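Notes to accompany the following structure.
Numbering of residues begins at 1 and proceeds along the displayed sequence. Everything numeric in this text was worked out from a predicted model, so none of it was measured.
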Amino acid sequence: MAKPVSIEVWNPNGKYRVVSTKPMPGTRWINLLIEQDCRVEICTQKKTILSVEDIIALIGDKCDGVIGQLTEDWGETLFAALSRAGGKAFSNMAVGYNNVDVNAANKYGIAVGNTPGVLTETTAELAASLSLAAARRIVEADEFMRAGLYDGWLPNLFVGNLLKGQTVGVIGAGRIGSAYARMMVEGFKMNLIYYDLYQATRLEKFVTAYGQFLKANGEQPVTWKRASSMDEVLREADVISLHPVLDKTTYHLINKERLATMKKEAILVNCSRGPVIDEVALVEHLKQNPMFRVGLDVFEDEPYMKPGLSEMKNAIVVPHIASASKWTREGMATLAALNVLV
């Protein structure tokens, strides 16, 4: 029998039982559920990632819906348990759902929801932040200062890359990729090259209009190009940000061979999904090319990094915080709750 997990209960006499596998920001999502006569049970177990057994214990004998997290493995076992408990809905508090076996959910008649849209600008902002931090070597410089090593200005101290006039490359020009591109083009007057299966017409119009504005004001206009292949972006761009979905075709999209085609002083940013990059190959490339830099929010084997990555001075690594703004996380929680109610 599964070991009980600690919970916090809201509206204990509610007609419908909804379980959240983690506490989530704000209270709007809780109030939305209570207004629809739901008893809300929030897992408060001091454990970053719940096991399948923990979640089965949470579901129990009667459960109408679950709000889960991208760190959980929602497959046959959990959907079968939710179905046995009378559950009809599962909501993933994430834009992606590669942790969810949708076929298993369909098999048991359970509707699956996620939380896209609300993450767009926040995720793009973090990708832009990592791009700038890597270009100007901000993390290295911060560590240098804190270690008490600064003893005066030097001409060669932490020389990085100027972004203005350089080329930003975007692989996957959907909502987030396009938002990132606009930030880099307008914020730093960078030229754009992008690759996507579909033409990003609105993005192209934006860059064209901004280029015309710059020209009218006596400045060098920015340009855009839709690449015929991803490899074209990797060869030509100075800063590349990855925004594809994760599936069989994008697993290890960035591998040893493709890293070798990039510029020696290029910057690679990933705020999409960790397995898009072959992390072992990346570590080796960082060792061999000290002026090549990366900014990573996601990792191949989260929460772990491949050996050697944490020692790389030319890598900026942050713990999957692309959506971690107060407004966005509260919005995600609200969408997750609405998914269960629909």
Side-chain angles (χ1 to χ4, degrees), residues 1-3 5 16-22 24 29 33 41-43 45 47-119 123 172 174-176 197 242-253 270-279 297-304 320 322-323 332-333 335-342:
M1 187 173 177
K3 185 180 177 181
V5 291
Y16 306 102
R17 181 171 177 262
V18 174
V19 168
S20 176
T21 63
K22 281 281 183 294
M24 298 189 296
W29 68 275
L33 292 169
E41 295 186 13
I42 304 169
C43 178
Q45 196 83 357
K47 199 173 183 181
T48 303
I49 301 174
L50 296 181
S51 67
V52 169
E53 291 73 24
D54 292 330
I55 298 171
I56 288 173
L58 271 175
I59 291 170
D61 297 328
K62 182 188 179 300
C63 182
D64 296 286
V66 175
I67 300 172
Q69 305 296 320
L70 58 83
T71 52
E72 299 157 4
D73 181 16
W74 278 84
E76 177 89 17
T77 304
L78 287 181
F79 284 122
L82 183 54
S83 177
R84 284 194 301 271
K88 297 297 181 185
F90 168 74
S91 184
N92 207 35
M93 188 192 168
V95 66
Y97 48 89
N98 52 288
N99 63 309
V100 179
D101 184 340
V102 177
N103 290 331
N106 289 336
K107 175 182 173 181
Y108 290 100
I110 294 171
V112 173
N114 61 340
T115 59
V118 71
L119 294 83
T123 303
R175 285 188 297 260
I176 296 171
L197 296 175
L242 305 174
H243 299 280
V245 296
L246 176 63
D247 58 25
K248 287 185 286 188
T249 67
T250 59
Y251 177 80
H252 282 189
L253 198 66
N270 188 17
C271 291
S272 59
R273 289 290 182 264
V276 168
I277 297 178
D278 179 346
E279 218 167 279
D297 179 53
V298 287
F299 305 90
E300 192 171 350
D301 299 317
E302 284 190 34
Y304 309 106
H320 207 143
S323 64
M332 290 171 70
L335 282 177
L338 288 171
N339 285 338
V340 170
L341 289 173
V342 170

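- Looking at Ser20, its side chain never comes within 3.5 Å of a backbone N or O of Ile42 through a donor-acceptor pair.
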**Request:** In sequence, state the C-alpha distance, the side-chain angles, and the governing distance for Tyr251 and Glu300, and then conclude on side chain to side chain contact (heavy atoms under 4.5 Å, CB included).
**Result:** CA-CA 10 Å; Tyr251 177 80; Glu300 192 171 350; 3.6 Å; yes
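- Note that CG of Leu82 is 9.5 Å distant from NZ of Lys88, once rounded to the nearest 0.5 Å.
- Remark: the Glu302 side chain and the Thr71 side chain contain no N/O donor-acceptor pair separated by less than 3.5 Å.
- For the pair Glu41/Leu58, no side-chain contact is recorded, criterion being any heavy-atom separation below 4.5 Å from C-beta on.
- Between Gly68 and Thr21 the shortest heavy-atom distance is CA-OG1, 3.5 Å.
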**Request:** Applying side chain to side chain contact (heavy atoms under 4.5 Å, CB included), run through Ile55 and Trp74 and close with a yes or a no.
**Result:** CA-CA 10 Å; Ile55 298 171; Trp74 278 84; 3.7 Å; yes
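- Proximity of Cys271 to Ile176: side-chain heavy atoms (C-beta onward) are nowhere separated by under 4.5 Å.
- You'll find the side chain of Met332 reaches within 4.5 Å of the side chain of Leu119, heavy atoms only.
- Using a 4.5 Å cut-off on side-chain heavy atoms (C-beta onward), Pro275 and Phe299 make no contact.
- By the 4.5 Å heavy-atom criterion applied to side chains, Met24 and Gln69 are counted as neighbours.
- Rounded to the nearest 0.5 Å, atoms OH (Tyr16) and CG (Leu341) are 10.0 Å apart.
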**Message:** Applying side chain to side chain contact (heavy atoms under 4.5 Å, CB included) to Arg175 and His243, what does each step give before you reach the verdict?
**Reply:** CA-CA 9 Å; Arg175 285 188 297 260; His243 299 280; over 6 Å; no
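- When Leu70, Asn114, Val112 are each tested for a side chain to side chain contact (heavy atoms under 4.5 Å, CB included) with Val100, only one passes: Val112.
- Here CG of Leu50 is found 4.5 Å from SG of Cys43. Values are rounded to the nearest 0.5 Å.
- How far CZ of Arg84 is from OH of Tyr108: 7.5 Å, rounded to the nearest 0.5 Å.
- Side-chain atoms of Asp64 come within 3.5 Å of backbone N or O of Arg17 as a donor-acceptor pair.
- Listed by first and then second residue, the side chain to side chain donor-acceptor pair (under 3.5 Å) pairs that reach into residues 93-105 are Asn92-Asn99, Asn98-Arg273, sequence neighbours excluded.
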**Item:** Residue pair Val19, Ile59: steps toward the side chain to side chain contact (heavy atoms under 4.5 Å, CB included) verdict
**Value:** CA-CA 7 Å; Val19 168; Ile59 291 170; 5.9 Å; no
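- The shortest distance between side-chain heavy atoms of Ser91 and Val66 does not fall below 4.5 Å.
- Ion pairing between Asp54 and Lys47 holds under the 4.0 Å rule for side-chain N and carboxylate O.
- At a threshold of 4.5 Å between non-hydrogen side-chain atoms, the residues Leu253 and Ile277 do not count as touching.
- Residues Ser272 and Pro244 have side chains in contact (heavy-atom distance under 4.5 Å, counting atoms from C-beta outward).
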